[in-house]
Protein chains: 2
Amino acid sequence: MVREGQDESDAFATEVCWHYYVNGMTQGEIAKFLDTTRLRVNQAIQRAKSLGMVKVRIESPFVARVELQDRLRRQLGIERVIAAPARRDAYDYHGSVGAALAAVVTERLRTKAWRKIGVSWGMTLEAGIQKLPQLANPDVEIVSMLGGTMQGASFNSFSIASGFAAQLGASYSLLAAPIFLSEGVDRDLFLSQEIFADHFAKFEALDAAILTASDISPRSYLVANGLPEEFSPAAITEAGAIGDVLGRFLDEEGRTIDHPLDRRTIGVDLDVVERTPEKILAAAGPHKVEIIRAAARRGLIDTLITDDVTAELLVEPSEGRKTATLTAEQRAG
Amino acid sequence: MVREGQDESDAFATEVCWHYYVNGMTQGEIAKFLDTTRLRVNQAIQRAKSLGMVKVRIESPFVARVELQDRLRRQLGIERVIAAPARRDAYDYHGSVGAALAAVVTERLRTKAWRKIGVSWGMTLEAGIQKLPQLANPDVEIVSMLGGTMQGASFNSFSIASGFAAQLGASYSLLAAPIFLSEGVDRDLFLSQEIFADHFAKFEALDAAILTASDISPRSYLVANGLPEEFSPAAITEAGAIGDVLGRFLDEEGRTIDHPLDRRTIGVDLDVVERTPEKILAAAGPHKVEIIRAAARRGLIDTLITDDVTAELLVEPSEGRKTATLTAEQRAG
DNA sequence: AGTGATTTTTTACAGATGTATGCGTTGTCT
DNA sequence: AGACAACGCATACATCTGTAAAAAATCACT
C-alpha cells in the first residue's frame, strides 16, 4: 500500500474483525479469503481486542447484578457472591436473601453429597427456611453451631436447626445450651459433659456451614434477646467489636475481640469454622456492611448471599462504577 | 429457584456470558465455577447470542468502509470489493482507485504465480501505473487485451500495457491494431494475420485481467478519442448501451449490445474474459455506477476496485443503512 | 411397582483456536 | 561478498469449542 503501516494494519484488523465477528467466518476462512495466513488473522484479532477495537456488550436486565456480584466477589476475595434483587419499596433485609439462600441450599443438596450441615440462627436464616421447598435428605444431619436464647420475640432460636431439618427432610442435632453461660459457670467443666463433646466433634466434620452476621444494635436478634444483662452493647462496641458471627464478636479486621464475653460463649470456634469446606453466609442490610466485610476478611465466607442494595454498599466506593460495556480483551491471554 | 424458569435461565445466561466475554474465562472453567456442565454453558452462550443479548461492536475508523465493501460484495455477487477512501475535496475518480489497484496488483504478484496478465487501458489504469512500485517480474507478460487509439490527449493507449510491464519488470505484448476497424475492412481477414492469431491465443491463457469500465460520455477516454466518426455516442446509447468494458458496449444487464460497432472491435471477446481466473476491474465515479453494475452482472469482475463515494452509490438504496453495531449471532452456526 | 417416553448427563469426536518451534528469507554490517 | 541478526512464515501441537450419539436418570402412566 502507499499508505503508512499503522493505517494499513488497522484497516486489515478491522476487516478481519468484521468478517470474524459480524460475518461469523472462521479465522481459516478469513485467511484464505484475504490471501494471508491464519496466524496473521489470529494476531490481527488479538491486536484489535487488546487495542479495544472490539467491544462486547451484554444486554440483559441481569447485567448490573452479575457485574455487581463479580466485582464484590473479587473485592472480598471469596468464591461466590449472590446479590438477590431486593424490593426497594418494602425493604426488609430478609425476604430476598432468604429466597436466595433457599435456592442455593436446594441446588447444593441436589449435586453435592453433604452429610453434616452446620447452621447458625437468626432472622435471615429463619426467612430462608420459609422459602425452602420440602425435600427428602435422610442422610443429612443439621448441626446447630451455637447455643440458643432463653427468650425471644418472633421465633425460637432452637427452631432454626430443626426447621431446616424439617424442610430438608433431614435429622438434626441441637446444642442444648444457652449461647452465653451465666456468670461464674466454669466453661470447661460445662463443656466436659459427654453430650457436648459429641456435638463439638461434629463441628470438625461439617461439610457445609450456613452462617449469618449481625451488627451490634437492637436490630440484631442476638443483641436484643441473647446478650447477658451485664454486657451492654456499648461495652462490646467499646472493645472494638462491630458485629458478630455465630455469637463471636469481631473487629473490623475480622479478629475475635478479646473480651470476657467471648469466654462465656457456647458454640463452635471460628477457627474451626474457617476449616469447613463450604461456608455460606447470608446477610443483608446497610447496617451489616461492616460485619460482612469483617467476616470475609476472617475467611468465614465462601459464598456470600446478600441483596443488591447491600452489595452496592459493600463495593469500595473508590472503585468507580464501571459501565456494562467492557472491552473483551481478556480472550487474548 | 423460587423464581420462574425464564428469569432464571436468562440470569444464568447473563452470568455465563459475563464470565465468557468480560472475564475471558473458558467455557470449561465457567462450568466448573458455576457447578454445571460445559454443555450447559455452551448452550447458554448460544442462546444468549441468538437472543441478541451479546452485542459485538467494532470501533475503528475503517469500519464504515469495511462494511460498505462487504455489503457491495454480497450485492454484486463478486469475490472482493475494495473501496479506497477518496478525497472528497478534490475528487478525481482516479487517484485513490489507482493507488488501490497498484497495491492489489503488487500484493497479488508477491503471492500468486501469474504468468500472463491481460490489461485494458484508460485513465484509471494509467493512474494505477503511476502508483506502482518498481518491481522485477521477468516471468510475467503483460498482454494488451484490445487495440489502441490513433490519437489522444493525455497518454498513448499503447503505453498502458508497456507502462505496466515497465513498472512490474515484465515483458509485454501489444495488440498493434486500432481498437475499431475502419469501415469496409473485413474483420476476419484482418485477424487472420498470424501475429494476431498468436496474440488472441494468449487471451485464453491469461492468469489475470486488469479491466476498467467507462460510461458513454465525453469523460470516457474511449468515447472522446477512439470512437469512429460515423458512430455517435447517442447512437450507441440508442442501441441500449450504458457503457463499455474493453471497448465492448454493454446494456444494463451486462449483455453485449447488438450493434455494427461491435463487429468492428478489435480485442478479446468478453466471453473469453469471463473465463479468466482472476478479473480485477478498477473504476470509480458517479457516472460509472451503471456500467460497473452491468459488468458485475456479466461476470466480468472478481475484484472490484473503486472508491467509497462510488461504492456508496452502488449499494442498493433499498437496503437500508445498517449500523456498525450488529449482533454476533453468526458464531452459532 | 413396572414400563415406556422424555429429558438430562456423559462421552466422544471433529473442527477451530492459540502458541511454540524451527526454517527460510530479507536486510544489514563488516 | 559473506556472515550475522531480525523478521516473517509454515508446521506442529495443545487446548478449546460445538455437536452428535450413547447412556442414565427422571417422569408419566398403567
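Letters A, B, ... mirror the listed sequences (proteins, then strands); counts begin at 1.
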Test I117(B) against every option in D207(B), V140(B), N137(B) by the side-chain contact (heavy atoms from CB on, under 4.5 Å) rule and name the one that passes. V140(B)
Among the candidates dG18(D), dC16(D), dG18(C), find the nucleotide nearest to the side-chain atoms of Q27(B). dG18(D)
Which nucleotide in the set dG18(D), dG18(C), dT17(C) lies at the smallest distance from any side-chain heavy atom of Q46(A)? dG18(C)
If I take atom [atom1] in residue [X] and atom [atom2] in nucleotide [N], what distance separates them, rounded to the nearest angstrom?
| X | N | atom1 | atom2 | answer |
| --- | --- | --- | --- | --- |
| R47(A) | dG18(C) | CZ | P | 14 Å |
| Q43(A) | dA20(C) | CD | P | 11 Å |
| M25(A) | dG15(C) | CE | P | 18 Å |
| I45(A) | dT19(C) | CD1 | C1' | 15 Å |
| R38(A) | dA14(D) | CZ | C1' | 12 Å |
| K32(A) | dT17(C) | NZ | P | 13 Å |
| I30(A) | dG15(C) | CD1 | P | 18 Å |

Tell me, for nucleotides 5-11 of chain C in 5' to 3' order, what letter each nucleotide earns: B for a base near a protein heavy atom under 4.0 Å, S for only sugar-phosphate near one, - for neither? ---SBB-
By salt bridge (Lys or Arg N to Asp or Glu O under 4.0 Å), R40(B) pairs with (sequence neighbours left out) none
Please determine, by modelled atom types, if K202(A) and S173(A) share a side-chain donor-acceptor pair under 3.5 angstrom. yes
Regarding [X] and [Y], does a basic nitrogen lie under 4.0 Å from an acidic carboxylate oxygen?
| X | Y | answer |
| --- | --- | --- |
| R110(A) | E107(A) | yes |
| R275(B) | E204(B) | yes |
| E79(A) | R73(A) | no |

Has N42(A) got a side-chain N or O lying under 4.0 Å from the OP1 or OP2 atom of dT17(C)? no
Just N and O in the side chain of Y20(A): are any of them under 4.0 Å from OP1 or OP2 of dA16(C)? no
By side chain to side chain contact (heavy atoms under 4.5 Å, CB included), which residues pair with A86(B), not counting sequence neighbours? Y91(B), S96(B), D307(B), D308(B), V309(B)
